[in-house]
Amino acid sequence: MSVSPQSFAFVSDLVRTRSAIQLPPGKEYLVENRLLPVARSAGFTGPAAIDEFVRHAPGDPAALERIVEALTTNETSWFRDRVPFDTLRETVLPAVTSGGPGPGIRIWSAACSTGQEPYSVAMTLAETGIRDFSILATDLSGEVLDRARAGVYSQLEVNRGLPAALLVRYFSREGSRWRIDIPMRSSVTFMRHNLLDQPPQWGPFDVVFLRNVLIYFDSPTKTAILRKIARVVRPGGFLFLGSAEAPWGAEPLWHRVGTAAGPVYQLSGDRS
């Protein structure tokens, strides 16, 4: 089943307008894979199901929202790439807490998808012995945020990166699924947020996770997002990016931490 050039152009323009995420030619397979289940759930069947769904979408705000959500939901797993969480534990948290007792640590997990990243951060802090912390987790998709708030995961999902010891310590079995325990769920607040908008007034943050997100934006949008984030991070606060990302266009604001343990950046004194 394929998507017509007209439908692809409509979807890519819609997603770019609503989220600034780029879907250049060559991403037709992604649109097909993501929209086919959406089209079928809306009652469209047959070889032209996607095109029929897209043709009806302009008159249906809910359908337009479902298209954007389907194309902006990204890959996730527990302790993804592992190294950033080791760096959080070994380098960043000691720096954040070096001044002694103070206000609780505030962390923002942006584009959190179904919650594996913020819950991984919460478990890292708990395993380090830190109890006074709060995590804001945001995403553009209301659907994935509902899943994240529930904190219920399949066996396949918990098998993706979650150590067995942490599964036993922080999860309870519910039939064939696993639910993360109340203390961990209570430490994370989930909120809908578009990175194109102003950052949520929930800071100032000590640490921001913005991993594997900027690669989907054009250069001016990347720079604008990084500058917005800088305004809600404490002086000397930290930013985690994906392994293929850098603070494009905002280098004066963010300097790389002197560690070989992945792309971690620290906010400079000048946030203008």
Side-chain angles (χ1 to χ4, degrees), residues 15-21 65 68-69 71-74 76 80 84-85 88 92-93 96 102-125 130 132-151 180 183-217 220-242 245 247-250 253-254 264-268 271-272:
V15 171
R16 178 185 55 78
T17 302
R18 297 281 183 94
S19 70
I21 289 176
E65 185 172 330
V68 174
E69 289 197 354
L71 270 301
T72 56
T73 301
N74 298 315
T76 188
R80 186 176 181 184
F85 298 94
L88 175 67
V92 171
L93 290 178
V96 169
I105 297 173
R106 284 182 174 261
I107 297 177
W108 178 13
S109 170
C112 70
S113 190
T114 46
Q116 284 90 329
E117 179 178 89
Y119 287 138
S120 295
V121 172
M123 286 185 279
T124 299
L125 269 66
I130 296 173
D132 189 7
F133 66 88
S134 55
I135 300 169
L136 175 66
T138 63
D139 200 277
L140 181 63
S141 169
E143 181 179 349
V144 300
L145 289 172
D146 288 341
R147 286 201 57 209
R149 287 189 191 96
I180 195 163
M184 284 293 101
R185 295 206 307 274
S186 300
S187 69
V188 182
T189 298
F190 292 96
M191 178 187 301
R192 195 167 188 176
H193 176 258
N194 189 329
L195 287 168
L196 299 182
D197 298 334
Q198 292 303 314
Q201 297 302 305
W202 212 80
F205 298 99
D206 299 286
V207 182
V208 174
F209 279 74
L210 186 69
R211 302 183 60 230
N212 307 302
V213 181
L214 295 178
I215 54 175
Y216 297 102
F217 301 127
T221 304
K222 293 172 185 175
T223 302
I225 290 172
L226 289 164
R227 290 186 176 277
K228 288 176 185 177
I229 289 175
R231 293 199 291 268
V232 294
V233 173
R234 296 184 193 277
F238 294 86
L239 171 68
F240 284 83
L241 298 178
E245 297 170 326
W248 297 282
L253 290 172
W254 301 100
V264 185
Y265 297 85
Q266 192 167 21
L267 184 66
S268 68
R271 294 190 285 179
S272 60

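Residue numbers run from 1 in the order of the sequence given.
Of the possible polar contacts, none joining the Q266 side chain to the G237 backbone as a donor-acceptor pair under 3.5 Å is found. With hydrogens and angles disregarded, a donor-acceptor distance shorter than 3.5 Å links the side chain of R211 to the backbone of R80. Under the 3.5 Å distance criterion, the side-chain polar atoms of K228 are left unmatched by any main-chain donor or acceptor of T223. In this structure a side-chain-to-backbone donor-acceptor pair under 3.5 Å is missing from E143 to E69. In this structure a side-chain-to-backbone donor-acceptor pair under 3.5 Å is missing from Y216 to T72.
For the residue pair G151 and R185, the shortest heavy atom distance occurs at CA-CD, 4.2 Å. Nearest approach of P118 to F190, heavy atoms of both residues: CG-CE2, 4.0 Å. The shortest non-hydrogen separation linking L196 to S19 is CD1-C, 3.6 Å.
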For this session: Would you check, one step at a time, whether the test ring pair (Phe, Tyr, Trp, His ring centres under 6.0 Å) holds for F209 with Y265?
Result: CA-CA 11 Å; F209 279 74; Y265 297 85; over 10 Å; no

Problem set entry | side chain to side chain contact (heavy atoms under 4.5 Å, CB included) assessment of M123 paired with F85 | CA-CA 10 Å; M123 286 185 279; F85 298 94; over 6 Å; no

For this session: Run the numbers on T189 and I135 for side chain to side chain contact (heavy atoms under 4.5 Å, CB included), then give the verdict.
Result: CA-CA 6 Å; T189 298; I135 300 169; over 6 Å; no

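At a cut-off of 3.5 Å, with distance as the only test, a side-chain donor of Q116 or T114 sits close to an acceptor on the other residue. Side-chain polar atoms of T138 and W108 form a donor-acceptor pair below 3.5 angstrom.
Counting heavy atoms from C-beta outward, N194 and R18 have side chains that stay 4.5 Å or more apart. At least one side-chain heavy atom of V121 sits less than 4.5 Å from a side-chain heavy atom of L88. With a 4.5 Å cut-off on side-chain heavy atoms, V213 and I225 do not count as touching. Contact of the I107 side chain with the L136 side chain is not registered, since no non-hydrogen atoms from C-beta on lie closer than 4.5 Å. Between V208 and V232 there is no side-chain heavy-atom pair separated by less than 4.5 Å. Considering only heavy atoms from C-beta on, S268 stays 4.5 Å or farther from W254 through its side chain. Here the side chains of L145 and R192 are in contact, with some heavy-atom distance below 4.5 Å. You'll find the side chain of L241 stays beyond 4.5 Å of the side chain of V264, heavy atoms only.
Taking CZ of R16 as the start and CG of L71 as the end, the distance is 13.5 Å to the nearest 0.5 Å. Considering OG of S113 and CG of L140, their distance stands at 11.5 Å, rounded to 0.5 Å. Distance CD1/I130 to OG/S187: 12.5 Å, rounded to 0.5 Å. For the atom pair CG of L195 and CD1 of I229, the computed distance is 6.5 Å after rounding to the nearest 0.5 Å. For the atom pair CG of L226 and CG of L239, the computed distance is 6.5 Å after rounding to the nearest 0.5 Å. Summarising the geometry, atom NE2 belonging to H193 is positioned 12.0 Å from atom SG belonging to C112; distances are rounded to the nearest 0.5 Å.
Evaluation of the salt bridge (Lys or Arg N to Asp or Glu O under 4.0 Å) rule for D206 yields R234 as partners, not counting sequence neighbours. For the side chain to side chain donor-acceptor pair (under 3.5 Å) test, residues two or more places apart in sequence or in another chain that qualify with S109 are E117.
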Please tabulate, for side-chain N and O atoms in residues 197-205, each donor-acceptor pair with protein atoms closer than 3.5 Å (sequence neighbours left out).
{"from": "Q198", "atom 1": "OE1", "to": "R231", "atom 2": "NH2", "distance (Å)": "3.2"}
{"from": "Q201", "atom 1": "NE2", "to": "P199", "atom 2": "O", "distance (Å)": "3.2"}

